[in-house]
Engineer: 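My questions all concern the structure below.
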2 protein chains.
Amino acid sequence: MVMRAVAEYIGRSDLQPGDCLPAERVLMAELSVGRSTLREVIRHWQALGVVESRRGSGTYLLRRISPETMHLPLVVNTGGNGLLQMMEVRRGLEVEASALAAIRASAADLELIESKLLTMEAVFRENGCAGPEDLEFHLSIYDACGNPLFGQLLSQMRESVQTLFAMSRVRTDFASRSFPFHRELFEAIAAKDPDAARAKTLSILAIVEEDIKDMIT
Amino acid sequence: MVMRAVAEYIGRSDLQPGDCLPAERVLMAELSVGRSTLREVIRHWQALGVVESRRGSGTYLLRRISPETMHLPLVVNTGGNGLLQMMEVRRGLEVEASALAAIRASAADLELIESKLLTMEAVFRENGCAGPEDLEFHLSIYDACGNPLFGQLLSQMRESVQTLFAMSRVRTDFASRSFPFHRELFEAIAAKDPDAARAKTLSILAIVEEDIKDMIT
DNA sequence: ATCAGTAAATTGGTCTGACAACTTTAAGCT
DNA sequence: AGCTTAAAGTTGTCAGACCAATTTACTGAT
């Protein structure tokens, strides 16, 4: 019940990510609850990555929430197959997103995707790798699928995966073999062919999975 | 720091999911920390779905953890037509889980799935509907896919969906047309045919989506 | 002896007050 | 003006008390 109260408070107030929440004692008085209760609620959201507390400074908002926000905490063991398990989940989401994009992408969406593809190809030919540009390309596809949940879920999963193998040194040519498939994926979406989009996405992810397997051995 | 202490405590003690943790006042003394601090740590894990607290009874372990397990909470903002958007995400996950189950299900898994199917069919023939038994059937498939993340995500999504249209009166025959497809899905998994499993899962979810569309109009 | 009802003990939930640790800000001093 | 230092503000932790819900144990009637 207090959870909901604070969720409404954040949703109502126009706090942006990075902003500082009112001090505990202020919020406490404003919501007419004890400090322990408020602190427990804050800890709850801290655990969910919504808020971050810095001792002596304040607690800061990381992600906007509202009472309608859904939270899906995942417990994954870092030992060995955790990464591959994440990849399987990602595969399910990514394939569906590509198929939906093939069905629903507007002309403007296609134009945006193609521009991302072109810059990615250019950077790749120059550097031999194009991590951020690859991400941009895929993000534009998530946007084009017409369902914001895919973008939210997949970008967060990519973040976690990134941190998961940020510790281990990544080869510079990681998943570079998947490069040519990106154009084919775009063409499948542009042709409004969901089945082809599924297949091309699977090809890309298969290569990524192979490289992960090579890496963790 | 206290987090780690309690994580080690759980990892060291052989508590199984469903077991009851020591009372707060006991743990407090055992770890030499104040009660508020301990309660905040418990709230932290409550948020991550690791433990569940029942007032007057105790706090119970839901998932085994250790200091090596990683927690990555996903935060999703469901907007206006959140139900249909969630169904699309669920479709991607569920299809992948069914296909993986078809590939990896052991003989024991298949036996369990079939038993769930049989009780579900029996209850359905008697009552005309079988909500909890249907859930059990699908959960057994998630287990059989060999990747616990699918079970975590999908069961939590089902929870949210459940609460989302718990307010609106649900027809007793909701998604009852999907009933015959459940046996076909099981047979596809038993035949180790991932493509057929995909197709049957899509058939089931298509009916659910149709009924949702009818309902929210 | 069995069962029901009731009282007591147990447990999580909340409030209050206090102090420590740290950060930020502001004042003061050179 | 620049540096130092003090003060104010903030989160983190501890302690004790009480409330609400559940569980357990007891007591008494049948």
Side-chain angles (χ1 to χ4, degrees), chain A residues 1-10 12-65 67 71 73 75, chain B residues 1-65 67 71 73 75 159 163 166:
Chain A
M1 40 212 84
V2 180
M3 287 276 306
R4 194 157 198 90
V6 190
E8 277 171 13
Y9 180 91
I10 293 183
R12 171 156 26 93
S13 80
D14 51 356
L15 286 169
Q16 294 306 312
D19 289 356
C20 188
L21 272 69
E24 292 179 353
R25 283 151 178 101
V26 178
L27 257 183
M28 179 181 68
E30 197 149 345
L31 301 174
S32 343
V33 294
R35 190 149 103 98
S36 359
T37 308
L38 180 60
R39 274 188 63 78
E40 287 183 22
V41 174
I42 290 178
R43 260 312 255 265
H44 197 104
W45 279 334
Q46 201 177 340
L48 292 175
V50 173
V51 116
E52 180 194 23
S53 292
R54 300 176 206 153
R55 159 138 101 189
S57 174
T59 79
Y60 297 83
L61 189 65
L62 296 182
R63 317 176 119 90
R64 291 227 48 173
I65 60 168
H71 305 275
V75 179
Chain B
M1 36 224 91
V2 180
M3 287 275 306
R4 194 153 198 95
V6 190
E8 278 171 12
Y9 181 91
I10 293 183
R12 170 154 29 91
S13 78
D14 50 357
L15 287 169
Q16 294 306 313
D19 288 357
C20 187
L21 271 70
E24 291 180 353
R25 286 149 177 107
V26 178
L27 257 182
M28 177 181 68
E30 196 148 346
L31 300 174
S32 341
V33 295
R35 184 150 174 246
S36 336
T37 308
L38 178 61
R39 275 189 61 78
E40 286 183 23
V41 175
I42 290 178
R43 264 307 262 259
H44 198 101
W45 280 335
Q46 201 175 336
L48 292 175
V50 174
V51 298
E52 178 194 23
S53 293
R54 300 176 206 153
R55 159 145 75 185
S57 174
T59 78
Y60 297 83
L61 188 66
L62 296 182
R63 298 187 226 285
R64 291 228 49 172
I65 62 169
H71 307 271
V75 180
E159 261 179 44
T163 60

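Lettering of chains follows the sequences in order, A, B, ..., and the numbering in each one begins at 1. Predicted model only: the values in this text are computed from it and were never measured.
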Engineer: Nearest whole Å is fine: how far is D:dA15 C1' from B:Leu31 CG?
Structural biologist: 17 Å

Engineer: Give a yes or no answer on whether the side chain of B:Arg64 reaches the backbone of B:Ile10 with a donor-acceptor pair at less than 3.5 Å.
Structural biologist: yes

Engineer: Could you check which of C:dT14, D:dT10, D:dT13 has an atom nearest any side-chain atom of A:Arg35?
Structural biologist: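 Per side-chain heavy atoms of A:Arg35, the pick is D:dT13.
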
Engineer: Distance check needed: C:dG13 C1' versus B:Ile42 CD1, whole Å only.
Structural biologist: 12 Å

Engineer: Given side-chain contact (heavy atoms from CB on, under 4.5 Å), test B:Arg35 with B:Glu24 step by step and report yes or no.
Structural biologist: CA-CA 7 Å; B:Arg35 184 150 174 246; B:Glu24 291 180 353; 2.9 Å; yes

Engineer: Can you name the closest pair of heavy atoms from A:Ile65 and B:Val75 and give their distance?
Structural biologist: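 Looking at all heavy atoms of both residues, the shortest contact is CG2-CG1, 4.3 Å.
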
Engineer: Are the side chain of A:Ser13 and the backbone of A:Tyr9 linked by a donor-acceptor contact shorter than 3.5 Å?
Structural biologist: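 Checking the backbone N and O of A:Tyr9 against the side chain of A:Ser13, a donor-acceptor pair under 3.5 Å is found.
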
Engineer: Kindly say if A:Arg39 contacts the phosphate of D:dG12, meaning a side-chain N or O under 4.0 Å from OP1 or OP2.
Structural biologist: yes

Engineer: Work out which heavy atom in B:Arg63 is nearest to a heavy atom in B:Gly49; give both atom names and the distance.
Structural biologist: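 Closest approach of B:Arg63 to B:Gly49: NE-O, 3.5 Å.
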
Engineer: Between C:dT16, C:dG12, D:dT13, spot the one nearest the side chain of A:Ser36, thanks.
Structural biologist: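 For the A:Ser36 side chain, the nearest candidate turns out to be C:dT16.
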
Engineer: Could you say whether A:Val33 or B:Cys20 is positioned toward the 5' end of DNA chain C, judged by the nucleotide with the nearest heavy atom to each?
Structural biologist: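 Result of the comparison: B:Cys20.
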
Engineer: Rounded to whole Å, please give me the gap between CE in A:Met3 and C1' in C:dT14.
Structural biologist: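 Nearest whole value for this atom pair: 16 Å.
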
Engineer: Can you tell me how far C1' of C:dG13 sits from CD of A:Glu40, to the nearest Å?
Structural biologist: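 After rounding, the reported distance stands at 7 Å.
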
Engineer: B:Thr37 side chain: which of D:dG12, C:dG12, D:dT13 is closest?
Structural biologist: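 Side chain of B:Thr37 sits closest to D:dT13.
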
Engineer: Give me the atom names and distance for the closest heavy-atom approach of B:Met28 to B:Gly34.
Structural biologist: CG-C, 3.9 Å

Engineer: Given atom CD of A:Glu24 and atom C1' of C:dA18, what is their separation to the nearest angstrom?
Structural biologist: 15 Å

Engineer: At their closest point, which heavy atom of A:Gly18 faces which heavy atom of A:Tyr60, and how far apart are they?
Structural biologist: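 That would be O-CD2, 3.6 Å.
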
Engineer: Compute the bend angle of the helix from C:dA1-D:dT30 to C:dT30-D:dA1 from the end axes (five pairs per end), rounded to 10°.
Structural biologist: 10°

Engineer: For the pair made of NE2 in B:His44 and C1' in D:dT13, what is the distance, rounded to whole Å?
Structural biologist: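 In whole Å, D:dT13 C1' lies 17 Å from B:His44 NE2.
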
Engineer: If you define the side chain from C-beta out and look only at heavy atoms, does anything of A:Gln46 sit under 4.5 Å from A:Glu52?
Structural biologist: no

Engineer: Can you measure B:Met28 atom CE to C:dG13 atom C1' for me and round it to whole angstrom units?
Structural biologist: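 So the two atoms are 14 Å apart, to the nearest Å.
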
Engineer: Considering only heavy atoms, which members of residues 50-58 of chain B lie under 4.0 Å from some atom of DNA chain C?
Structural biologist: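 Within residues 50-58 of chain B, the residues near DNA chain C are B:Ser53, B:Arg54, B:Arg55, B:Gly56, B:Ser57, B:Gly58.
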
Engineer: What are the two closest non-hydrogen atoms of B:Leu48 and A:Ala47, and how far apart are they?
Structural biologist: CD2-O, 3.6 Å

Engineer: Whole-Å distance between C:dG13 P and A:Leu38 CG?
Structural biologist: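 Atom-to-atom, A:Leu38 to C:dG13, this comes out as 16 Å.
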
